[in-house]
Every structure is written in structure tokens, then in C-alpha cells.
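Here the structure comes first, spelled out in C-alpha cells, and everything after it is commentary.
Note that the structure is predicted; figures quoted are calculated from it, not measured. Quick note on labels: first sequence line is chain A, next is B, and so on, each numbered from 1. FYI, side chains are in, hydrogens and waters are out, and symmetry mates aren't considered; it's all heavy atoms of this structure.
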Number of protein chains: 2
Amino acid sequence: MHEIADPEEELYRLQADFCKGMAHSTRIHLLRSLKQGEKTVNELARLVGVTQANASQHLAILRQFGLLNTRRDGSSIYYSISDHRIIEACELVRGCIGERLRKEQMVLKVPL
Amino acid sequence: MHEIADPEEELYRLQADFCKGMAHSTRIHLLRSLKQGEKTVNELARLVGVTQANASQHLAILRQFGLLNTRRDGSSIYYSISDHRIIEACELVRGCIGERLRKEQMVLKVPL
DNA sequence: TTAGCACATTAGAATCCGCGAATATTCGTG
DNA sequence: CACGAATATTCGCGGATTCTAATGTGCTAA
């Protein structure tokens, strides 16, 4: 189906897929909402403010790429973070953005 | 052009853009190549194994999203990491992948 | 078994991305 | 100025994403 040429290059691809999981505002919102623990699809859809179907699609992507795990309980399915380093990585990025915004504010507010 | 509704949602969009920068194997390769310091486009293209034009395109994206800075020296342009937390974030993700691969290996090698 | 909730999947249209090829820009040198 | 080297930009195509609406699936309870 698909030969793996360079194992290092393959690792980069996996890493890129992982980052694709974090490369959408809705998915970041979902990840963030799961920071304190597992939640159902409906809870997440409501928290994030998207339709159930849309939330389910994004959650499926996050699960495919390995960022989330699922657990079934009755008719509900609970999603949870698979590795807490994902949250750390998100927070690092958030820190970069925050700092950049502060700098831009600075330039705008103190142009003298 | 585009009104900003929710500032929190806007932050998520910026964060998503930042992650989009890391969401491509070539760009991860580029970021990684810049870990030890600034490099020119040609150096990077050669290291990563893509054409000059392609490298330039990816570098432009990384610059647009704020992951890289540029400095001109003569006819060459040096690219460098704008914030070292980007590398930390990449390494965290790389760690997640590594662990997942180890687990999968384990399952494959010890199915008893 | 039927009804109903929770969730997943599909289809299709609009949009976005990534690449190579060709062209443009910018700088240093003669 | 003309030229070459380094880098950037544009164009166009094929493929991937994302959204909504509709439909499918799986569980529980009566």
C-alpha cells in the first residue's frame, strides 16, 4: 500500500499529523475543554458551541491522530486526553501567542 | 474586512495558525534544522531536501504565522526561530509520538 | 420489539493547501 | 548599467479540509 522510505521522514509525518490535530480553533477548544477530565460529545459540543455532528467529526480526527481516547458508558461515549504533554504543548504555543500580542500592543500603544 | 467577535475565539484562531506552521513534515524538518541557529534558504533547502522555491514557500508560511524571523545579510536572508518554546512544543509532541510507537512495537512484539 | 437518545458516518459544495514551473525582485560586483 | 546569485512570488492543477444536512448505528428502557 505504501512503502516507508525514510523512517526519520515518517516520524516527521506522524508528528505533523499530531500537530494537524491542534491546527484548528475548534479542536484546540475541544482539547482545552478536556483539560480537567473526560466528557461526552454533547457536553463538548455545547461547551465549544458547534453542532453535535461537527464536534463528532473533529473528535474523530483527534482520535485518529492519537490525541484522544474514548470510553463507552451506556449510550454515551467519553473522550479524554491521551497524553498530557499535548496540553503542555498547547500551553507553550499559547504562551508564544500571548507574548507576541503583548509586544504588538506595546508597539501600538507606545509609538513615540 | 473581518470583525472580531469573541477575543477568546480569536486567540484560538491564532493558536491554530501557529500549529498549522508545525503541521507539515517539511516545516517540522525546517524548524528542527534551525534549532542550533539561523540559516539561509539554500542551506535549509539542501538540508531538508526540497527545491529552493518550495523551501521559500514553507519558510514564508512559518514567517507569516510568526514562528520564524528573518535577517538580511548581503544577498542572503537568514531565518531563525522566533521563540524557543516552539522547539520545546515540537519536542513534547515528538515525545508523545515516540511513546506511542514504543507501545505499538510492544503490542506487535509481545502478543502473547 | 419499538421508541428515543447519543453518537457516527456519508454526501456534496465551497474552500484551502502543496507542489512544480515559470517569472519577478533584490542585492552585490564589475 | 548589466549581470549573476539568492530569494520571493505567481499561476494552475490535483488533492485535502470543513461545513451542513441527512442518514445510519448502538444502546437503553418500556
- Query: Salt bridge or not for B/Glu8 and A/Arg94, using N-O below 4.0 Å?
  - Reply: yes

- C/dC7 P sits how many Å from A/Lys39 NZ, rounded? 13 Å

- Side-chain heavy-atom pair A/Met22, A/Val93 within 4.5 angstrom cut-off: no

- Query: Between B/His58 and C/dC17, does any side-chain N or O lie under 4.0 Å from OP1 or OP2?
  - Reply: no

- Relative to the 5' end of DNA chain D, which residue comes earlier, A/Ala23 or A/Gly74, by the nucleotide with the nearest heavy atom? A/Ala23

- Query: Side chains of B/His29 and B/Val50: does their closest heavy-atom pair fall under 4.5 Å?
  - Reply: no

- Message: Tell me the interatomic distance from B/Asp17, atom CG, to C/dC16, atom C1', rounded to whole angstroms.
- Response: 12 Å

- Looking for any heavy atom pair under 4.0 Å, which part of the strands does A/Arg27 touch: base, sugar-phosphate only, or nothing? sugar-phosphate

- Task: Side-chain contact test, heavy atoms from C-beta onward, threshold under 4.5 Å: evaluate it for B/Leu34 versus B/Lys39 and give yes or no.
- Result: yes

- Note on the structure: A/Gln57 CD to C/dT9 P, in whole Å, measures 10 Å

- Query: At under 4.0 Å between heavy atoms, what does A/Ala60 touch on the DNA or RNA strands: base, sugar-phosphate, or nothing?
  - Reply: nothing

- Just call it for A/Ala53: base, sugar-phosphate, or nothing, with non-hydrogen atoms closer than 4.0 Å on any strand. base

- Item | d(CG, A/Leu59; C1', C/dT9) in whole Å | 14 Å

- A/Leu30 CG to C/dC7 C1', straight-line distance once rounded to whole Å: 14 Å

- Task: Apply the test side-chain contact (heavy atoms from CB on, under 4.5 Å) to residues A/Thr40 and A/Ile77: give CA-CA distance (whole Å), side-chain angles for both, the deciding distance (0.1 Å), then the verdict.
- Result: CA-CA 6 Å; A/Thr40 68; A/Ile77 292 181; over 6 Å; no

- Whole-Å distance between C/dA8 C1' and A/Gln64 CD? 12 Å

- Rounded to whole angstroms, how far apart are CD1 on A/Ile61 and P on C/dC7? 18 Å

- Rounded to whole angstrom units, what separation is found between the CG atom of B/Asn54 and the P atom of D/dT10? 16 Å

- B/Glu9 and B/Arg13 ion-paired at < 4.0 Å: no

Any protein N or O atoms within reach of nucleotides 5-7 of chain D? Criterion: under 3.5 Å, listing atom names and distances.
residue, atom, partner, partner atom, Å
D/dT7, OP1, B/Val41, N, 3.4
D/dT7, OP1, B/Ile77, N, 3.3
D/dT7, OP2, B/Asn42, N, 3.0
D/dT7, OP2, B/Asn42, ND2, 2.9

- Checking B/Arg27, B/His24, B/Lys20 against B/Ile61 for side chain to side chain contact (heavy atoms under 4.5 Å, CB included), the one that qualifies is B/Arg27

- Task: Please determine if a side-chain N or O atom of A/His24 lies less than 4.0 Å away from the OP1 or OP2 oxygen of D/dC19.
- Result: yes

